[in-house]
Protein chains: 2
Amino acid sequence: MSDRTGARGPYARGVARRQEIVHAALEVFATRGYDAVSLREIAAQVGLSHTGLRHHFASKEDLLTAVLRYKDELTLTPDEQVDVSGIAWVRASRDVVALNARQPLLIRLFATLSVQATDPAHPAHTYFVERYRIAREIATRHLAQARDDGDIAADVDAEHCAELMLAAMDGLQVQWLLEPDRVDMVAAYGQFLDRFLAVLAVPLPEDGGTAQR
Amino acid sequence: MSDRTGARGPYARGVARRQEIVHAALEVFATRGYDAVSLREIAAQVGLSHTGLRHHFASKEDLLTAVLRYKDELTLTPDEQVDVSGIAWVRASRDVVALNARQPLLIRLFATLSVQATDPAHPAHTYFVERYRIAREIATRHLAQARDDGDIAADVDAEHCAELMLAAMDGLQVQWLLEPDRVDMVAAYGQFLDRFLAVLAVPLPEDGGTAQR
DNA sequence: GTCTATACGCGGATAGAC
DNA sequence: GTCTATCCGCGTATAGAC
């Protein structure tokens, strides 16, 4: 088999082109937004025709998916292999929210596509299904560890709590993006962690959660 | 001033046309999705030219906004002026989630637009800002009442909790839409209510939520 | 106010050059 | 495999009929 990824392989030009396109697209998508940029413009910027670009990326969504994947690598590779785990990891998620609060355009890009990719026919569907699945697994693992460490209640459903953590992040993002000055995403998520984890620290009442007086 | 809304007013035809268009659009948007339907098709269905339709609705998003507004009226008018309030209202929100779980296409429609409308230049921006503002106010009011009734802790930030309730709903919707068979939206939200309200029932620990052992 | 014809750039699909 | 020319329906903008 020939070397598809090597710099001097037979398909080296194509690989380089793809990289070039993804770079240009990331730059312009993050700066001006997905809808505001046309494929023809990106193509011209890298010295290609509209159809030439679409040889490498079958659709605009396909290109966007590649851009997001690339962005994922950029953000996850450097560190993120942090040494925190269990309850410490859960608490550290607050920092992720705080970081997101500084990149509204990119966050909107992810949020927009994640909802649209909900359609099974969407080009990025598989990507986002996998992305959330992995995120849930990681969160579930740390929550389970926190439970085993005795940091939260023993009867906690780690999977449901993992879903809720991601849901709180995503949902707060929408409200924050709509009214950045009015909705304090970081504070609300912090309250979620504090209160939610506090209740996690004690077993549920026998009646299943009815408020006490 | 002339009667703009009456059935026999001078602009009655336009009002009737708008209604007709909204009806047709709601039907076809909810059935086949927003992107899959063209304005030309809707126009033809109500006996109008493409441009004729755009006289009544300046853009496709504009029409969608009208459709969603109409859908809001349909769902909110019948009852929903339920007699529950305070903690009972909060618990009843679980039924709303359960209801949503039966209308995936419409939920995706709302979810998609709510994220896109995050852009201040989006035609539906004002609509969604107002929609979430009202939803937060209602939730905040009931949470505050629950607090005053002694059903939840006295130091609860009702506004932040209101944001979290809406966020949990929205965020869970995305994960559920991505993998309906794998993510149990209703169960996860139920757990959110149970655990979150349980912790709300007791004051926060002095250290601000650090897990107890 | 109600409505139409025409033109623009867009994302996408097809056929084919090299 | 890499890339282009051409055509399609789309949402949108403008000029104008009635």
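Proteins come first, then strands; the chains are lettered A, B, ... in the order of their sequence lines, and each starts at number 1.
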Engineer: Reckon A:Arg54 has a side-chain N or O less than 4.0 Å from the OP1 or OP2 of C:dA13?
Structural biologist: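 The answer is yes; a side-chain N or O of A:Arg54 sits under 4.0 Å from OP1 or OP2.
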Engineer: For a quick check of understanding: with a heavy-atom distance under 4.0 Å over all strands, which category does A:His50 fall into, base, sugar-phosphate or nothing?
Structural biologist: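 Base, at least one base atom sits under 4.0 Å.
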Engineer: What is the distance, rounded to the nearest whole Å, between atom CG of B:Leu64 and atom P of D:dT12?
Structural biologist: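 Whole-Å distance recorded here is 11 Å.
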Engineer: Tell me the interatomic distance from A:His122, atom NE2, to C:dG12, atom C1', rounded to whole angstroms.
Structural biologist: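 Computing the A:His122:NE2 to C:dG12:C1' distance gives 14 Å.
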Engineer: Categorize A:Leu53 for me: base, sugar-phosphate, or nothing, with a 4.0 angstrom heavy-atom threshold over every strand shown.
Structural biologist: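 No contact.
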Engineer: Taking the six-membered ring for Trp, is the centroid-to-centroid distance between B:His160 and A:Phe192 below 6.0 Å?
Structural biologist: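 Distance test on ring centres: not under 6.0 Å, no.
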Engineer: In whole Å, what is the span from the CG atom of B:Asp62 to the C1' atom of D:dA13?
Structural biologist: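 Rounded to whole Å, this separation is 15 Å.
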Engineer: Tell me: NZ of A:Lys60 to C1' of C:dG9, nearest whole Å?
Structural biologist: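 Interatomic distance, NZ of A:Lys60 to C1' of C:dG9: 12 Å.
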Engineer: Tell me the closest heavy-atom pair linking A:Pro123 and A:Glu61, and the distance in Å.
Structural biologist: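 Answer, listing the atom of A:Pro123 first, then A:Glu61: CG-CB, 3.7 Å.
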Engineer: Answer with base, sugar-phosphate or nothing: what part of the nucleic acid does A:Arg17 contact at a heavy-atom distance below 4.0 Å?
Structural biologist: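 Contact class for A:Arg17: sugar-phosphate only.
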Engineer: With a non-hydrogen cut-off below 4.0 angstrom, is B:Ser38 in contact with a base, only sugar-phosphate, or nothing?
Structural biologist: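 Result for B:Ser38 = sugar-phosphate.
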Engineer: Taking only Lys NZ, Arg NE, NH1 and NH2, and the carboxylate oxygens of Asp or Glu, determine whether B:Arg141 and B:Glu159 approach each other closer than 4.0 Å.
Structural biologist: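 Result for this pair is no, no salt bridge flagged.
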Engineer: Once you round it to whole Å, what is the distance between C1' of D:dC3 and NE2 of A:His56?
Structural biologist: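 Distance, rounded to whole Å: 7 Å.
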Engineer: From C-beta outward on A:Thr51, which listed nucleotide comes closest to its side chain: C:dT14, D:dA13, C:dC3?
Structural biologist: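 Between C:dT14, D:dA13, C:dC3, the one nearest the side chain of A:Thr51 would be C:dT14.
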Engineer: Rounding to a whole Å, what distance do you find between A:Asp35:CG and D:dG11:P?
Structural biologist: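 Going from CG in A:Asp35 over to P in D:dG11 covers 14 Å.
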Engineer: What is the distance, rounded to the nearest whole Å, between atom CZ of B:Arg40 and atom P of C:dA7?
Structural biologist: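 About 14 Å, once rounded to whole Å.
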Engineer: Distance under 6.0 Å and angle within 45° of the ring axis: does B:Lys71 meet both against B:Phe110?
Structural biologist: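 No, B:Lys71 does not lie over the aromatic ring of B:Phe110.
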Engineer: What nucleotide among C:dT4, D:dG1, C:dC3 has an atom nearest to a side-chain atom of B:Ser49?
Structural biologist: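 Nearest nucleotide to the side chain: C:dT4.
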Engineer: For the pair made of CZ in A:Phe57 and P in D:dT2, what is the distance, rounded to whole Å?
Structural biologist: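 Roughly 11 Å, once rounded to whole Å.
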Engineer: Quick check: are there more than 12 heavy atoms from other residues, nucleotides or ligands sitting under 6.0 Å from CD of A:Glu41?
Structural biologist: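 Enclosed.
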Engineer: Between B:Val37 and A:His55, which has a closest nucleotide on DNA chain D that is more 5'?
Structural biologist: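 Looking at DNA chain D, the more 5' nearest nucleotide goes with A:His55.
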